[in-house]
Number of protein chains: 2
Amino acid sequence: MAKPIKNCPIDQTLQVISGKWKAVIIHVLLENPVCRFSELQARLKNCSRRMLALQLKELERDGILTKRVYPTVPATTDYSLTERGKQLKPIIDSMQSWGE
Amino acid sequence: MAKPIKNCPIDQTLQVISGKWKAVIIHVLLENPVCRFSELQARLKNCSRRMLALQLKELERDGILTKRVYPTVPATTDYSLTERGKQLKPIIDSMQSWGE
DNA sequence: CCGTATCCAAGTAGATACTG
DNA sequence: CAGTATCTACTTGGATACGG
């Protein structure tokens, strides 16, 4: 009962979604299952290209989303949630409810 | 449908709980409704006194918890969640489930 | 179009010492 | 006991320029 925490499941989850733009990215992808890089950028008004790329890379690394690259010229990419990513929906939803 | 986000409810919530130790503090207070400063410190093994004080001060400012000070010598204090703070339970709980 | 590399300014957090 | 003050090292993120 007096166990020290941190690195508990709660923090695992927080690490994954608490990047500056991550929760919002997940939210967008829950509503729009497939998004191109430029679509995401358009929706996240103040998020720089650099930041967006960073956040997406981390989300991909953590198994939350999948990136597909099409060998067109110029290159196009799109992003969509994995199953594990979709399971974040209850959390994002309750965060939205609480925030109102 | 193409509205830019950020500063949406999701982010409001994230701001409140995503401090380095905040989610864990809330979790502890959900299980132990009244905690003294030293109790919290004991449970958050790697959290310095300074950090704990900072996080608590922000949580108090955001209306998540209430601080009571008893004019004993030496001073003692305790912390407990507000109603609004208690309403974070579904979020913390689902974060815990997901993290496992 | 979709990034990456570099530089730099600002913010953040630990260590330590002090206070009512 | 429960903090605050200060100093410093580390991290973060914006601006800009370049690359496939």
Side-chain angles (χ1 to χ4, degrees), chain A residues 2 4-7 11 14-26 28-29 32-62 64-81, chain B residues 2 4-7 11 14-26 28-29 32-62 64-81:
Chain A
I5 15 205
K6 196 70 179 177
N7 289 345
D11 270 302
L14 201 55
Q15 242 72 284
V16 168
I17 66 172
S18 72
K20 225 190 171 191
W21 294 90
K22 290 182 187 176
V24 188
I25 292 171
I26 294 164
V28 169
L29 285 173
N32 313 271
V34 179
C35 281
R36 299 194 31 197
F37 188 90
S38 46
E39 283 179 69
L40 288 167
Q41 225 191 335
R43 289 172 196 279
L44 280 57
K45 266 277 171 62
N46 301 319
C47 183
S48 67
R49 210 161 55 230
R50 171 188 141 90
M51 270 309 295
L52 182 54
L54 273 171
Q55 302 283 292
L56 288 170
K57 193 181 276 187
E58 291 186 19
L59 286 169
E60 191 187 9
R61 181 203 63 194
D62 293 338
I64 306 306
L65 53 75
T66 308
K67 170 184 180 174
R68 275 180 306 192
V69 182
Y70 301 94
T72 53
V73 176
T76 62
T77 58
D78 63 35
Y79 295 86
S80 49
L81 294 174
Chain B
I5 16 204
K6 197 68 179 177
N7 290 343
D11 270 302
L14 202 54
Q15 242 73 284
V16 169
I17 65 171
S18 72
K20 226 191 171 190
W21 292 91
K22 290 182 186 176
V24 188
I25 292 171
I26 294 164
V28 169
L29 285 174
N32 312 270
V34 178
C35 281
R36 299 192 35 195
F37 187 89
S38 46
E39 282 180 69
L40 288 167
Q41 225 193 334
R43 289 172 195 280
L44 280 56
K45 266 276 173 59
N46 300 319
C47 183
S48 67
R49 213 161 51 230
R50 173 188 139 90
M51 271 308 296
L52 182 54
L54 272 171
Q55 302 283 291
L56 288 171
K57 195 181 273 186
E58 289 185 22
L59 287 169
E60 190 187 7
R61 180 201 64 196
D62 293 338
I64 306 305
L65 53 76
T66 307
K67 170 185 179 174
R68 276 180 305 190
V69 182
Y70 301 94
T72 53
V73 176
T76 63
T77 57
D78 64 34
Y79 296 86
S80 50
L81 294 174

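- OP1 or OP2 of dC2(C) has at least one side-chain nitrogen or oxygen of Ser38(A) nearer than 4.0 Å.
- If you check distances only, the side chain of Arg50(A) never reaches the base of dG3(C) with a donor-acceptor pair under 3.5 Å.
- Look at Lys57(B) and you won't find any side-chain N or O under 4.0 angstrom from OP1 or OP2 of dG3(D).
- Between Thr76(A) and dC2(C) there is no side-chain polar atom (N or O) within less than 4.0 angstrom of OP1 or OP2.
- We find that NZ of Lys45(B) is positioned 16 Å from P of dG14(C), with the value rounded to whole Å.
- Note on Thr77(A): a side-chain N or O is less than 4.0 Å away from OP1 or OP2 of dG3(C).
- For Asn46(A) and dG14(D), the CG to C1' distance is 12 Å, given to the nearest whole Å.
- One interatomic measurement links the two molecules: NZ of Lys20(A) to C1' of dA10(C), which rounds to 11 Å at whole-angstrom precision.
- Residue Tyr79(A) places no side-chain N or O under 4.0 Å from the OP1 or OP2 atom of dC2(C).
- Phosphate contact (OP1/OP2 of dG3(C), side-chain N/O of Lys67(A), threshold under 4.0 Å): present.
- One can place CG of Leu44(B) at 12 Å from P of dG14(C), the figure rounded to the nearest angstrom.
- Closest-nucleotide positions on DNA chain C for Pro74(A) and Ala53(A) were compared, and the one nearer the 5' end corresponds to Pro74(A).
- In this structure, Tyr70(A) reaches neither bases nor backbone, as no heavy-atom distance under 4.0 Å exists between it and the strands shown.
- Rounded to a whole Å, the CG atom of Leu52(B) is 11 Å from the P atom of dT4(D).
- Atom CZ of Arg49(A) is separated from atom C1' of dG20(D) by 14 Å (rounded to the nearest Å).
- Rounding to whole angstrom units, CG of residue Leu40(B) and C1' of dC1(D) are separated by 13 Å.
- The backbone N or O of Leu52(A) lies less than 3.5 Å from no partner atom in the side chain of Gln41(A), so there is not a single donor-acceptor pair.
- Between the P atom of dG3(D) and the CZ atom of Arg36(B) lies a distance of 10 Å, rounded to the nearest Å.
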